[in-house]
Amino acid sequence: MKRVLFPLFIVLTSLVLFSCATNSGLDTDGSPYKRMKYNEKAYNKAFEEENYSTCISMLRGRNKDNRDIKDNLDIGMLCYMNEDYKESIRVLDETDALMTEAFTKSISRETGAAMFNENIAEYGGNVYEYLLINSIKALDFLKLGDMENALVELNRGAMKENEYLQKYGEIILNETVSKEDGESLNKSAGSLGLDLTQYKSETPKRPTMKDLYQDSALLRYLLLLLYTANGDRSSAEVDAKVVSTLGSKIDLSEDVKIPSGKGRLDVLALSDFIGQRHEAKFETPRVLPFYLPIDGAAPILFKVKFVWPEYSAQDPVVTAVVAELDNGEKKQTVVIEDFDQALSKDVRLKANKAFTRSMIRSITKKSAALLSATGGMVAAKKIAENGSGPVAISAQATYIALFHGAENVIDLIDKSETADLRQGIYFPRIASGTGFTVEPGTYSVRVTYFKNTEIVRQENFSDIQVKAGKPTLVVSSCLRKK
């Protein structure tokens, strides 16, 4: 039976306007953004000018088959920032399906990563992205006035949370090095004369249940408002408790039970871009010798290098957000969800595994390369020592070439060892909110973003209709790098 919702009134426009898609006609896949050749310098310039249409077209030009999840996440968010909510839904719908597909084949997908490089594996998205994508789609639908599909998206996200915990959380926490990989690592380390004890002590801590991203406060907050609009107070109360349990201090009591005869005007503010992960590296402070089984031969020198993703907090662009009504009432928003915390958890969840696999790859590949070169060098050295004339000269040249070739291979192995830093970069860092209990009527709201005492951005919303017993949601954003 189709569920009919009571209206949740959402403010669709503000006095701060952004450019919408300007490309005429549709591309072959139905997008209004024609593909353009990607150029990093031109892209950055367009982004700084808030010319998001050009940015979308360039990312589409780089992502020719629409299957790159990372680019798709960025395109979906750029469409949201460009106020092209229908296209944001279309892109994120396709991406949602790709992410689900990637999760289901994650075990076979990671075989290449274990052997070659983390970045060779298909990017399936991070867990918080897997859930956040539904909240963004819900906001898209709310901006379009489609409350029913917004609720559908939020319920899909809630179902994903349960699925993730059941199927993937336990697997990730219980992952260990296979017996075969462990034996290969020990054998390779022995051939290089390495003591693994000193390297294993550098391993990041194994993740615990605390490192699992288990629920989204933003998703629960939006569900709460929709349930209140629908008159489903019991469900709204459940989600209010979840938001509180997840650590938010926002007061939702009058969103769950709007006082008789009053209306509720809620403000949701999305600020800053989510933080970025970077590469952490362990490298031996000095070169190590690999001794050849040849009398008087100089050793081949090498280093040991392992990499893994790491996160460290950056200075925020926005430090406070204030919402002010035209009647003079003002409130500072309260953090609902900090997605940098979700990012930090995701990094901790993956760091131990990434370090261990990097150690296995680095040591086993270097061992294989050096042992392979050794056989050729031993043979060439014997010919050079026992032969004469051109044959001896040629053998000595071969020995030298193999020696330097092994050094070059070792250098290439280190250069190829890179951490997986992929993520969507345009998701918000902070979702914060506040609310006003007011008489039914028409209002204006000003949302001001501060960095300390400096005003970073203001958005003005007018003609906001508030009805008795119903929540009205104003969604504002200040998504920027600086």
Side-chain angles (χ1 to χ4, degrees), residues 16-24 27 29 31-85 87-88 90-92 94-95 118-119 123 125-126 128-129 132-133 136 140 269-279 309-319 339-340 343 346-347 415 418-430 449 451 454-459 476-482:
V16 178
L17 300 178
F18 299 89
S19 61
C20 293
T22 56
N23 296 305
S24 59
D27 211 338
D29 62 349
S31 172
Y33 303 91
K34 298 291 184 64
R35 299 181 195 273
M36 295 172 57
K37 184 178 179 180
Y38 180 83
N39 176 279
E40 185 174 1
K41 184 176 180 181
Y43 180 92
N44 290 337
K45 182 175 184 294
F47 187 86
E48 291 301 321
E49 295 173 350
E50 298 189 9
N51 182 0
Y52 300 135
S53 296
T54 296
C55 294
I56 295 166
S57 292
M58 283 193 180
L59 286 184
R60 282 175 48 76
R62 186 171 71 180
N63 181 18
K64 295 187 183 300
D65 62 359
N66 296 334
R67 292 191 62 83
D68 187 297
I69 289 174
K70 190 242 182 253
D71 277 352
N72 282 347
L73 291 174
D74 291 342
I75 291 169
M77 278 305 300
L78 285 168
C79 288
Y80 178 86
M81 293 159 62
N82 207 33
E83 297 188 349
D84 191 348
Y85 305 118
E87 182 66 4
S88 178
R90 189 187 73 82
V91 172
L92 294 179
E94 292 179 356
T95 310
E118 297 297 310
N119 292 283
Y123 178 69
N126 299 303
Y128 64 86
E129 294 172 339
L132 181 52
I133 195 173
I136 298 301
D140 284 325
L270 307 177
S271 58
D272 284 3
F273 287 125
I274 193 168
Q276 302 288 293
R277 59 195 78 202
H278 61 269
E279 182 176 277
E310 197 170 61
Y311 164 77
S312 56
Q314 304 295 313
D315 290 336
V317 174
V318 175
T319 57
F339 287 100
D340 269 11
L343 169 60
D346 190 73
V347 168
K415 288 180 179 178
T418 56
D420 186 359
L421 308 179
R422 292 173 292 180
Q423 65 174 83
I425 62 175
Y426 298 130
F427 286 119
R429 182 178 72 88
I430 296 290
Y449 297 84
K451 182 169 186 178
E454 177 187 354
I455 294 178
V456 177
R457 189 184 188 96
Q458 283 187 330
E459 280 196 290
S476 175
S477 63
C478 179
L479 299 173
R480 52 175 58 192
K481 295 180 179 178
K482 59 183 180 178

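Small disclaimer: the values here were computed from a predicted structure and weren't measured.
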K.L.:
Drop me the distance from Leu59's CG to Asp71's CG, to the nearest 0.5 angstrom.
P.N.:
5.0 Å
K.L.:
With rounding to the nearest 0.5 Å, note down the distance linking CD1 in Ile274 to CD1 in Ile430.
P.N.:
9.5 Å
K.L.:
Check whether any side-chain N or O of Asn72 sits under 3.5 Å from a backbone N or O of Thr95 as a donor-acceptor pair, and report yes or no.
P.N.:
no
K.L.:
Given side chains that start at C-beta, do those of Phe273 and Pro428 come closer than 4.5 Å, heavy atoms only?
P.N.:
no
K.L.:
If you look at every heavy atom in Val91 and Gly76, which pair is closest and at what distance?
P.N.:
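So the minimum-distance heavy-atom pair works out to CG1-N, 3.9 Å.
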K.L.:
With no hydrogens and no angle check, is any side-chain donor or acceptor of Glu279 less than 3.5 Å from a backbone partner on Ala419?
P.N.:
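Yes: the side chain of Glu279 pairs with the backbone of Ala419.
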K.L.:
Before you tell me yes or no, could you show the steps for Met77 and Leu479 under side chain to side chain contact (heavy atoms under 4.5 Å, CB included), namely the whole-Å CA-CA distance, both residues' side-chain angles and the distance that decides it to 0.1 Å?
P.N.:
CA-CA 10 Å; Met77 278 305 300; Leu479 299 173; 4.1 Å; yes
K.L.:
Taking the side chain as C-beta and beyond, is there a heavy-atom pair between Tyr85 and Tyr80 under 4.5 Å?
P.N.:
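Sidechains of Tyr80 and Tyr85: in contact.
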K.L.:
Mind checking whether Ile455 and Tyr449 have side chains closer than 4.5 Å, heavy atoms only?
P.N.:
no
K.L.:
State, yes or no, whether a side-chain contact exists between Glu87 and Pro32 at a heavy-atom distance under 4.5 Å.
P.N.:
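Heavy-atom side-chain distance check passes, below 4.5 Å.
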K.L.:
Can Asp272 and Arg480 be counted as an ion pair, charged N to O under 4.0 angstrom?
P.N.:
no
K.L.:
Nearest 0.5 angstrom please: Lys34 NZ to Ser57 OG, how far?
P.N.:
9.0 Å
K.L.:
Search all heavy atoms of Val347 against all heavy atoms of Pro309 and return the closest pair with its distance.
P.N.:
CG1-O, 3.4 Å
K.L.:
Examine distances only and state if a side-chain atom of Glu459 and a backbone atom of Arg457 form a donor-acceptor pair shorter than 3.5 Å.
P.N.:
no
K.L.:
Examine Tyr52 together with Phe47 and report whether their ring centres are nearer than 6.0 Å.
P.N.:
yes
K.L.:
Salt-bridge test for Arg67 and Asp65: reply yes if a basic N is under 4.0 Å from a carboxylate O, no otherwise.
P.N.:
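Not counted as a salt bridge, because no side-chain N and carboxylate O are separated by less than 4.0 Å.
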K.L.:
Looking at Leu78 and Cys55, what are the two nearest heavy atoms and their distance?
P.N.:
CD1-CB, 4.0 Å
K.L.:
Can you confirm whether Tyr123 sits close enough to Asp68 that some side-chain heavy atom of one is under 4.5 Å from a side-chain heavy atom of the other?
P.N.:
no
K.L.:
Return the CD1 to CE distance between Ile56 and Met81, rounded to the nearest 0.5 Å.
P.N.:
9.0 Å
K.L.:
Checking the side chain of Ser31 only, and the main-chain atoms of Tyr33 only, is there a donor and an acceptor separated by less than 3.5 Å?
P.N.:
yes
K.L.:
Can you tell which of Lys70, Arg277, Glu129 makes a side chain to side chain donor-acceptor pair (under 3.5 Å) with Gln423?
P.N.:
Arg277
K.L.:
Checking the side chain of Asp420 only, and the main-chain atoms of Arg422 only, is there a donor and an acceptor separated by less than 3.5 Å?
P.N.:
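Yes, the answer is positive, given that a donor and an acceptor are paired below the 3.5 Å cut-off.
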K.L.:
Strictly under 6.0 Å, is that where the ring centroids of Phe427 and Phe339 end up?
P.N.:
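No, ring centres 6.0 Å or more apart.
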K.L.:
Any side-chain heavy atom of Asp74 sitting closer than 4.5 Å to one from Ile425?
P.N.:
yes
K.L.:
Quick one: does Arg35's side chain have a donor or acceptor within less than 3.5 Å of a partner on Arg60's backbone?
P.N.:
yes
K.L.:
Is there a side-chain contact between Val456 and Cys478, using heavy atoms and a 4.5 Å cut-off?
P.N.:
yes
K.L.:
Quick one: CD on Glu50 to CG on Asn82, what's the gap to the nearest 0.5 Å?
P.N.:
10.0 Å
K.L.:
Between Glu454 and Lys451 (salt bridge meaning N to carboxylate O under 4.0 Å), is one present in this structure?
P.N.:
no
K.L.:
How about Tyr43 and Tyr38: are their ring centroids closer than 6.0 Å?
P.N.:
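Yes.
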K.L.:
With rounding to the nearest 0.5 angstrom, report the CD1 to CD1 distance, Ile136 to Ile133.
P.N.:
9.0 Å
